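Count residues from 1 along the sequence. Here the structure is a predicted model, which is why all the values come from computation and not from measurement.
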Amino acid sequence: MKRTNPSLLASLLAGALLLAGGSAMAAGGHVAMPYTYEPDLGNEASLQRGAANYMNYCAGCHSMRLVRYGRIGSDLGIPEELLRANLMFGADKPGEQIHAAMPAEAAKWFGQQPPDLSVETRMRGPEWVYNYLMTFYVDNNRPLGTNNLVLPGASMPHVLWELQGWRALDESHAEAGADEGHGAHAGPKFVQVSEGKLSEKDYEKFVADTVAFLAYAAEPGRAGRISLGIKVMLFLLLFTVLAYLLKREFWRDVH
C-alpha cells in the first residue's frame with residue numbers, strides 16, 4: 001500500500017486554507033473599502049514610477065521571487081544601464097529574481113515572514129492593496145503605534161509615514177456612520193496629526209503608481225495576452241465575414 005507523504009499532505013492542506021482565506025477576503029466580507037481604485041496598466045510612466053517606489057520602500061522586506069529584473073526592464077522600457085543604476089540594488093545580473101534585503105531570521109521582528117509581493121494583487125485584488133496602503137492610522141494600543149482600517153492588527157508598520165504623515169481615525173465620525181446604518185462603508189474620516197513630505201493628492205498618486213506596478217508584476221504577460229486576444233478576435237471576425245460571403249457565392253445557384 002502506497003503511503004501519502006505527510007509533508008505533501010500538509011502543504012496541500014495549507015494551500016487549501018490559503019485559497020479559502022483569499023477567497024473570503026476577495027469576496028469582501030465585512031472589510032470596508034473606502035477608496036475605489038483601478039490600476040492603469042497601459043500607463044508605462046506610472047509603472048516605471050511604481051517600480052522605483054517598490055524598490056525604495058518595499059524591497060527591503062518584501063521579495064518578488066516570481067519576477068526578474070530583466071523582464072521588468074524589457075516590459076517597461078527601462079534600458080539596462082538605468083535598470084542597474086536605479087532598481088538593481090544588491091543584484092548583479094538582470095536575469096536574477098528580486099529578493100528582499102532583510103534576512104529570513106529577521107521575521108521574528110514582525111512575528112511572521114513579510115509576504116512575497118509577486119502575486120499579492122492577484123490574491124487580494126489591486127483595490128484591497130490600495131486601500132491597505134491608504135488607511136494606516138495612529139493607534140497607541142498597538143505595539144508599533146499604528147493600525148490599519150482594512151487589515152486590523154496588521155504587523156507591518158506604516159513604512160510610508162514620512163510621505164503621508166501621521167493620521168488619526170476620527171472615532172466620532174465612525175460612530176455617527178454606524179448610528180445612521182452605514183457602518184464602516186460610510187467611509188472613514190482621518191485627522192492629520194502631522195504633515196508628510198507629500199500632499200494628499202501626491203500621496204494618492206504615489207500609492208496608485210506602486211499598486212499598479214504590483215498588479216503588473218503579478219501578471220507581466222497580461223498586456224501582451226490582451227493585445228494578442230484582440231488581434232485574434234479581429235481575425236476571427238474578418239474570417240467569419242469572408243466565410244459567409246463565400247458561402248453565399250457557393251450556394252447562390254442552389255435555390
Side-chain angles (χ1 to χ4, degrees), residues 22 25-26 33 35-91 93-102 113-136 148 150-151 154 156-164 196-227:
M25 184 63 69
M33 291 290 183
Y35 300 99
T36 58
Y37 171 76
E38 182 68 29
D40 183 5
L41 300 182
N43 189 335
E44 188 176 272
S46 173
L47 297 178
Q48 291 174 351
R49 293 192 299 268
N53 297 343
Y54 163 79
M55 293 306 303
N56 288 322
Y57 291 93
C58 308
C61 300
H62 296 277
S63 60
M64 273 191 176
R65 290 187 293 270
L66 301 182
V67 184
R68 300 180 186 274
Y69 293 99
R71 179 62 187 269
I72 293 175
S74 175
D75 288 346
L76 305 187
I78 304 175
E80 184 174 331
E81 58 272 17
L82 293 179
L83 191 71
R84 290 180 178 276
N86 298 286
L87 298 182
M88 293 178 58
F89 306 131
K93 300 178 180 179
E96 292 184 30
Q97 300 164 310
I98 303 176
H99 294 279
M102 186 177 68
Q113 187 70 31
D116 183 279
L117 297 183
S118 301
V119 293
E120 188 72 10
T121 57
R122 290 290 299 275
M123 182 180 73
R124 303 277 195 177
E127 189 174 42
W128 188 97
V129 178
Y130 180 85
N131 276 269
Y132 175 70
L133 294 177
M134 289 292 298
T135 57
F136 276 93
N148 190 272
V150 174
L151 186 62
M156 179 179 129
H158 186 18
V159 296
L160 303 177
W161 69 269
E162 284 188 320
L163 303 179
Q164 189 186 28
K197 294 181 179 179
L198 300 180
S199 66
E200 183 177 354
K201 288 187 177 297
D202 287 340
Y203 181 76
E204 290 176 0
K205 183 179 180 181
F206 178 94
V207 174
D209 291 340
T210 305
V211 179
F213 171 72
L214 297 180
Y216 149 77
E219 193 178 357
R222 183 175 184 271
R225 174 173 56 80
I226 292 176
S227 176

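- One N or O on the side chain of Asn148 and one on the backbone of Tyr132 form a donor-acceptor pair closer than 3.5 Å.
- Scanning all heavy atoms of the two residues, the minimum distance from Glu127 to Met33 falls at O-SD, 4.2 Å.
- A 6.0 Å sphere centred on CD of Glu219 holds more than 12 heavy atoms belonging to other residues, nucleotides or ligands.
- Atoms CG and NE2, from Leu163 and His158 in turn, are 8.5 Å apart once rounded to the nearest 0.5 Å.
- Between Tyr216 and Tyr54, the distance separating the two ring centers is not shorter than 6.0 angstrom.
- Of the possible donor and acceptor atoms, one in the side chain of Asp116 sits under 3.5 Å from a partner among the backbone N and O of Arg65.
- Counting only distance, with no hydrogens or angles, the side chain of Thr121 and the backbone of Pro126 share no donor-acceptor pair below 3.5 Å.
- Inter-residue side-chain proximity for Asp209 and Ser46 is flagged as met; some heavy-atom pair is nearer than 4.5 Å.
- Distance check, rounded to the nearest 0.5 Å: CG of Leu160 to OH of Tyr57 gives 7.5 Å.
- Using a 4.0 Å cut-off between a side-chain N of Lys or Arg and a carboxylate O of Asp or Glu, Asp75 and Arg71 qualify as a salt bridge.
- Using a 4.5 Å cut-off on side-chain heavy atoms (C-beta onward), Phe206 and Lys197 make no contact.
- Looking at heavy atoms from C-beta onward, Ile98 lies in side-chain contact with Ile72 at the 4.5 angstrom threshold.
- Using cut-offs of 30° and 60° for the angle between ring planes, the Tyr130 and Tyr37 rings count as parallel.
- Of all heavy-atom pairs between Gln164 and Met134, the closest is NE2-O, 3.6 Å.
- Distance CG/Leu82 to CD/Gln48: 9.0 Å, rounded to 0.5 Å.
- Sorted by first then second residue, the salt bridge (Lys or Arg N to Asp or Glu O under 4.0 Å) pairs that include residues 79-91, not counting sequence neighbours, are Glu80-Arg84.
- Heavy atoms from other residues, nucleotides or ligands lying under 6.0 Å from OH of Tyr35 number more than 12.
- Counting heavy atoms from C-beta outward, Gln97 and Val67 have side chains that stay 4.5 Å or more apart.
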